[in-house]
Amino acid sequence: MSSTINYAIIGSGMMGREHIQNISLLDDAEVTALFDPNDEQLSLSMKLAPKAAVYRDVRDLVKDTGVDAFVIASPNHTHVDILKEILPSDCRPILAEKPLCTTIDDCRSIARLAEQYKAPVWVAMEYRYMPAVAQLINRVEAGEVGDPKMIAVQEHRFPFLSKVGDWNRFNVNTGGTLVEKCCHFFDLMRFIAHDNAVRVYASGAADVNFLDERYDGKTPDIIDNAFVIVDFASGKRASLSLCMFCDGSYFQEEITVLGPRGKLECLVPGPDRLWAVDRIEDIGHSTGFTGRHRDSEIVFSPRSPKGPIRDVVSVDTNLQMAGDHQGSTFYQHQKFYDVVRGSGTVEVTVDDGLQAVLIGLAAEQSIREHRAIDIAEI
Ligand SMILES: NC(=O)c1ccc[n+]([C@@H]2O[C@H](COP(=O)([O-])OP(=O)(O)OC[C@H]3O[C@@H](n4cnc5c(N)ncnc54)[C@H](O)[C@@H]3O)[C@@H](O)[C@H]2O)c1
């Protein structure tokens, strides 16, 4: 391996470019190969990675022996075929965007291939690496609230952005909103609870967003609001409140962990570049924001003595400008870089990716069937 780690980006749209921007902030790291079927997206990405070789077919890209690691950031439904192209014959590390796949059968077939793979596979779950969320997790681990019994996640945010070909408007491409978006939160719940889900109940609908959009005569079928309750094997429980027509919310995520000693809350604003405009449609596929950034907060409310203790968590401006995820993409890449170098361990495994999809699919099924879904059914 050369002194510089060479990355290939597969799918260089909005998230692919966030990966390029964050890789360029690492020492001794460079994006040297790009694959995307869309010329416009490729030319936007080439501005960030001007020396990268461009491939029109993923099969040609994997023949590039100068590449040390792959980053997959293509639409959700394409992950399975790309992973099936790489996993059987290659032996270089992979960072694959969430959700791992859109169906449980695809997740399981990828998990089987990954078991035989001779290099690390890391599923990108950026929320674990947001500075405020990472602090929340550390403080829970340190026992601040005691053994957590309840985890409540609230995400109140703007509607899904427009994507290349608007692939994100249909469940068949995304796995459903509770897979596409909320696999992050189900991953956090599992990570904080140190446990797997056994049962999921959800209620949700497509009530406000995209109702007047048509694609080949079809109306988008993704839900835009939901409540989800997750029971864990140990008896711990978690909830998610999702609203995607709430652009005006100051904080986008509010993650609360409750235990016998008290309550820890983590309040995280959404991307400032979207907060700064009144019409998110005006943003398009641009990245970078140089205006005022909002800080995150962590609030600890012990049972005794009473009185919340509030800490502000700021994110480095350069990291804020390199994406929409509070610097988390950079911190995740730092750790993935160590894995590529052979000195780190994979923190988000293929099984973690699969379990998060499983909860999301159970929640989507629960909404369709108006009943609680045992995870064992899926
Ligand atoms: N972890 C996070 O916080 C986070 C945030 C945003 C997106 N994502 C994930 O990143 C992925 C990409 O999302 P996005 O927002 O960048 O979407 P996007 O539409 O902006 O970009 C996707 C890109 O993939 C390209 N593409 C389409 N089919 C392809 C194929 N078969 N092979 C390679 N490239 C292909 C498209 O032309 C486009 O340029 C999705 O899986 C999404 O869920 C993760």
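Quick note: residue numbers are just sequence positions, from 1. Note that this is a predicted model, so its numbers are computed, not measured. Whatever order the structure lists ligands and atoms in, that order sets their numbers, starting from 1.
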**Q** How far apart are the C-alpha atoms of Thr329 and Glu18, what are their side-chain angles, what is the distance that settles it, and do they pass the side chain to side chain donor-acceptor pair (under 3.5 Å) test?
**A** CA-CA 8 Å; Thr329 306; Glu18 181 164 325; 2.5 Å; yes

**Q** Which atoms from ligand 1 have a heavy atom of Asn76 less than 4.0 Å away?
**A** 40 (C), 41 (O), 42 (C), 43 (O)

**Q** I'd like to check whether Met15 has a polar contact with ligand 1, where a contact means an N/O of the residue lying under 3.5 Å from an N/O of the ligand.
**A** yes

**Q** If you measure from atom 36 (C) of ligand 1 to every heavy atom of Asp36, Ile10, Ile82, which option wins on shortest distance?
**A** Asp36

**Q** In terms of the angle between their ring planes, are His19 and His333 parallel, tilted or perpendicular, with boundaries placed at 30° and 60°?
**A**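 Perpendicular.
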
**Q** Please list, in number order, the atoms of ligand 1 under 4.0 Å from a heavy atom of Ala73.
**A**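 It comes down to these atoms of ligand 1: 11 (C), 12 (C), 22 (C).
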
**Q** Could you tell me whether Met14 and ligand 1 have an N or O pair separated by under 3.5 Å?
**A**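 So ligand 1 has an N or O lying under 3.5 Å from an N or O of Met14.
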
**Q** Please list all pairs passing the ring pair (Phe, Tyr, Trp, His ring centres under 6.0 Å) test where one or both residues lie in residues 103-128, with sequence neighbours left out.
**A** Tyr127-His184, Tyr127-Phe185

**Q** Taking the six-membered ring of Phe160 as reference, does the NZ or CZ atom of Arg169 fall below 6.0 Å from its centre and within a 45° cone about the axis?
**A**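 The answer is no, since Arg169 fails at least one limit relative to Phe160.
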
**Q** Would you tell me which option among Pro37, Pro75, Ser74 has the nearest heavy-atom contact to atom 11 (C) of ligand 1?
**A**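 Answer by nearest heavy atom: Ser74.
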
**Q** Output the list of atoms in ligand 1 that are nearer than 4.0 Å to some heavy atom of His184, sorted by atom number.
**A**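 Reading through ligand 1 atom by atom, the close ones are 1 (N), 2 (C), 3 (O).
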
**Q** Starting from the C-alpha separation in whole Å, work towards a yes-or-no answer on side chain to side chain donor-acceptor pair (under 3.5 Å) for Asp195 and Ser234.
**A** CA-CA 7 Å; Asp195 205 355; Ser234 57; 2.5 Å; yes

**Q** Please tell me whether Gln41 and Arg17 have a donor and an acceptor in their side chains that are separated by less than 3.5 angstrom.
**A**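 Their side chains do contain a donor-acceptor pair, which is all the 3.5 Å distance test asks for.
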
**Q** Is the Lys NZ or Arg CZ of Arg294 less than 6.0 Å from the centre of Tyr250's six-membered ring, within 45° of the axis?
**A** yes

**Q** Using a strict 4.0 Å threshold on nitrogen-to-oxygen distance, state whether Arg157 and Asp224 make a salt bridge.
**A**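 Between Asp224 and Arg157 there is no salt bridge, as every charged N stays at least 4.0 Å from the carboxylate O atoms.
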
**Q** Could you tell me, atom by atom, which parts of ligand 1 come under 4.0 Å of a heavy atom of Gln41?
**A** 39 (O)

**Q** Would you say the side-chain atoms of Glu347 and Tyr129 include a donor-acceptor pair closer than 3.5 Å?
**A** yes

**Q** Which ligand 1 atoms are under 4.0 Å away from a heavy-atom of Asn38?
**A**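 Per the distance check, 37 (O).
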
**Q** Taking atom types as modelled and ignoring hydrogens, do the side chains of Tyr7 and Asp68 form a donor-acceptor contact shorter than 3.5 angstrom?
**A**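 No donor-acceptor contact under 3.5 Å links the two side chains.
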
**Q** Which ligand 1 atoms are under 4.0 Å away from a heavy-atom of Glu180?
**A**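 Those qualifying, in numeric order: 43 (O).
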
**Q** Return a yes/no value for Val164: is any of its N or O atoms, backbone included, closer than 3.5 angstrom to an N or O of ligand 1?
**A**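 Yes; at least one N/O pair falls below 3.5 Å.
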
**Q** May I ask you to identify, for His325, whether its side chain, its backbone, both or neither come under 4.0 Å of ligand 1 on a heavy-atom basis?
**A** side chain

**Q** Please indicate whether any nitrogen or oxygen in Thr78 is less than 3.5 Å from any nitrogen or oxygen in ligand 1.
**A** no

**Q** Taking both backbone and side-chain atoms of His79, is any N or O found less than 3.5 Å from an N or O belonging to ligand 1?
**A**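 Among all N and O atoms of His79, at least one is under 3.5 Å from an N or O of ligand 1.
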
**Q** Give the atoms of ligand 1, by number and element, whose distance to some non-hydrogen atom of Phe35 is under 4.0 Å.
**A** 32 (N), 33 (C)

